[in-house]
Amino acid sequence: MLDPTEHEPQRKVMMIDTKSFYASCECVALGMNPMKTMLIVMSQAENTNGGLVLAASPMAKKNLGIKNVDRRRDVPDDPRLIIKPPRMNYYIAMNKRINDVFREYVGDDDLQLYSIDESLLDVTSSWEYLKYRFGQDLTMKKLARIIQLEVKNKMGLYLTVGIGENPVMAKLALDLEAKKNHSLIGEWHYETVPAKLWPITDLTDVWSIGKRTAKTLNRLGIVSMRDLAFFDPYRLKKELGVRGNELTALAWGVDRSIVSHKYHPKENSISNSQVLPRDYYLERDIKTVIREIGEQVASRLRSKHKMGGVVSLYIGSAMSETVPGFSAQTKISPTNNSQMIVDALYKIFDAHYEGQVVRNIGVSVGKLEADGHEQLDLFIPVETNVKQHKIDSTIDDIRHKFGTTALVKLSSKSKGGTMIQRAGLVGGHNGGNAYG
DNA sequence: TCTGGGGTCCTAGGACCC
DNA sequence: TCTGGGGTCCTAGGACCC
């Protein structure tokens with residue numbers, strides 16, 4: 001077979017993440033070295049049995065065997081271990097500083113923020129400039145080292161760098177090689193994919209392949225990435241639809257997307273969800289939490305000046321419950337009004353609820369659009385609409401000034417409410433300030 | 001894993017229209 | 001009516017990632 005990747009884009013791409021990001025940020029805040037300190041960041045929400053490990057420093061992982069998502073009870077009682085609550089806003093600020101460093105090496109168009117601790121850099125178009133600046137013998141590995149050192153010197157953080165000829169290859173190099181190398185750098189090319197990717201037999205190690213997909217592939221007799229690469233692509237397409245095509249490309253390290261052509265995924269939905277601290281038996285209590293989460297989502301919509309046109313509710317049953325949970329959604333006329341969103345949630349709930357014992361509740365609002373031109377619902381008197389808007393804005397003001405707990409509706413103080421315990425959370429983690 | 005939380009994308013199938 | 005086919009919109013559910 002001729003080289004099927006011969007005509008694929010050959011660019012200079014890096015996927016960079018920060019080693020144990022949250023934990024490392026806490027280490028440097030204490031003036032300590034992230035690679036030499038045993039530290040974990042642990043949330044302390046009521047419903048996680050007193051805490052959940054969100055990040056562990058390399059030494060905490062290595063010496064104490066702590067893993068992310070461990071529970072408090074799994075954490076050994078060791079006097080050397082430093083335990084810190086999460087401060088999302090601080091991590092967001094640190095992430096911004098790191099990306100400011102990246103902008104010295106690539107233009108804005110060639111930088112894509114992938115997650116809170118991962119960024120994609122395409123240095124193809126700045127390569128000549130970079131060679132001029134750092135020497136004609138510059139290589140991607142050398143450049144990775146230069147960037148690592150700058151961030152280490154400026155902020156005390158250690159970067160892990162995956163280098164590839166396209167975004168997905170850089171991501172694979174990061175996940176599958178860089179993290180294991182002492183240099184914290186991994187470099188892949190199309191030619192090295194067979195040696196580095198194909199031997200993998202635990203398919204879930206590969207980005208975008210989860211447990212279910214791995215199982216489906218196994219069922220087709222595919223037990224390694226090599227098998228995947230050579231599996232009949234037409235049959236795979238037939239079995240898995242477009243996903244089949246994506247998987248074949250993945251096995252060859254192929255990805256035709258270009259960073260500077262990145263499409264800006266417009267924010268499509270805002271959601272909040274929680275595992276309740278105990279099983280909920282009473283419909284009234286369940287509805288109280290639905291209202292709280294609905295109000296929280298509505299408040300986030302308003303602070304982003306967005307309105308949502310579809311509301312969805314997810315109810316998860318307790319483990320002991322035989323009746324399954326449900327999720328359902330409904331279209332609404334676009335709004336960010338708390339009462340309208342909660343009303344829609346209640347309508348969904350009433351239509352589907354069959355008395356289940358509940359442990360999980362989620363609310364999502366989608367079809368977002370900019371607010372400011374809200375259609376007034378013709379069936380509600382104008383004054384009511386305006387008045388409701390005023391009430392919501394006032395509540396938001398108070399929450400901004402005094403924190404989320406300052407104003408909790410009376411029913412939240414009943415047994416069902418969880419708002420008080422959850423106050424101050426950002427993205428489900430403790431934001432470390434009044435309002436995220 | 002007796003239950004973390006926020007988010008995106010894809011698909012199947014039904015309703016409805018031309 | 002034992003009737004075709006294409007397109008769009010909508011909902012429920014699945015899968016995966018950080």
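Chain identifiers are assigned alphabetically (A, B, ...) following the order of the sequence lines, protein sequences preceding nucleic acid strands; residue numbering begins at 1 within each chain.
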So, applying side-chain contact (heavy atoms from CB on, under 4.5 Å) with A:N336, which one of A:R302, A:H305, A:K306 is it?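 Single pass found, and it is A:R302.
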Is a side-chain donor-acceptor pair under 3.5 Å present for A:Y22 with A:N68?
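Note: A:N68 and A:Y22 side chains miss the donor-acceptor criterion.
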Exercise. Are A:Y280 and A:Q356 linked by a side-chain donor-acceptor pair shorter than 3.5 Å?
Worked result: no
In numerical order, the residues of residues 197-213 of chain A whose heavy atoms come under 4.0 Å of DNA chain B are none
In numerical order, the residues of residues 214-224 of chain A whose heavy atoms come under 4.0 Å of DNA chain B are none
With both pairing distances under 3.5 angstrom for Watson-Crick or G-U wobble, and | for a partner in another strand, the correct string for DNA chain C is ....||||||||||||||
If we ignore hydrogens and angles and just use 3.5 Å, is the side chain of [X] paired with the main-chain N or O of [Y] as donor and acceptor?
{"X": "A:W252", "Y": "A:A229", "result": "yes"}
{"X": "A:D110", "Y": "A:L121", "result": "no"}
{"X": "A:S183", "Y": "A:I185", "result": "yes"}

* Closest-nucleotide ordering on DNA chain B, the 5'-leading residue of A:E246 and A:A318 ->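 Going by which nucleotide is closer to the 5' end, it is A:A318.
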When rounded to whole Å, the CG to C1' distance for the pair A:N360 and B:dC2 reads 13 Å
Listed once per pair and sorted, the salt bridge (Lys or Arg N to Asp or Glu O under 4.0 Å) pairs that draw on residues 239-261 of chain A, sequence neighbours left out =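 Qualifying pairs, neighbours excluded: A:E8-A:R256, A:R235-A:E239, A:R243-A:E246.
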Check nucleotides 11-16 of chain B against the protein and report each pair of N or O atoms closer than 3.5 Å, with its distance, or say if there are none.
| unit_1 | atom_1 | unit_2 | atom_2 | d |
| --- | --- | --- | --- | --- |
| B:dT11 | OP1 | A:V242 | N | 3.4 |

Considering residues at least two apart in sequence or located in another chain, which fulfil the side-chain contact (heavy atoms from CB on, under 4.5 Å) criterion with [X]?
{"X": "A:N99", "answer": "A:N95, A:F102, A:R103, A:L111, A:L113, A:S119"}
{"X": "A:K331", "answer": "none"}
{"X": "A:V28", "answer": "A:P34, A:Y90, A:M94, A:L157"}
{"X": "A:A93", "answer": "none"}

**Message:** Listing request: all ring pair (Phe, Tyr, Trp, His ring centres under 6.0 Å) pairs with a residue in residues 321-371 of chain A, at least two apart in sequence or in separate chains.
**Reply:**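 Applying ring pair (Phe, Tyr, Trp, His ring centres under 6.0 Å) to every pair that reaches into residues 321-371 of chain A, excluding sequence neighbours, yields A:F326-A:H352, A:F349-A:Y353.
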What residues 347-356 of chain A contributes to the DNA chain C interface at heavy-atom separation below 4.0 Å is A:H352
Would you tabulate the nitrogen or oxygen pairs shorter than 3.5 Å linking the protein to nucleotides 5-10 of chain C?
| unit_1 | atom_1 | unit_2 | atom_2 | d |
| --- | --- | --- | --- | --- |
| C:dC10 | OP1 | A:K331 | NZ | 2.8 |

Checking B:dG4, B:dT3, C:dC18 against the side chain of A:Y114 (C-beta onward), the nearest is C:dC18
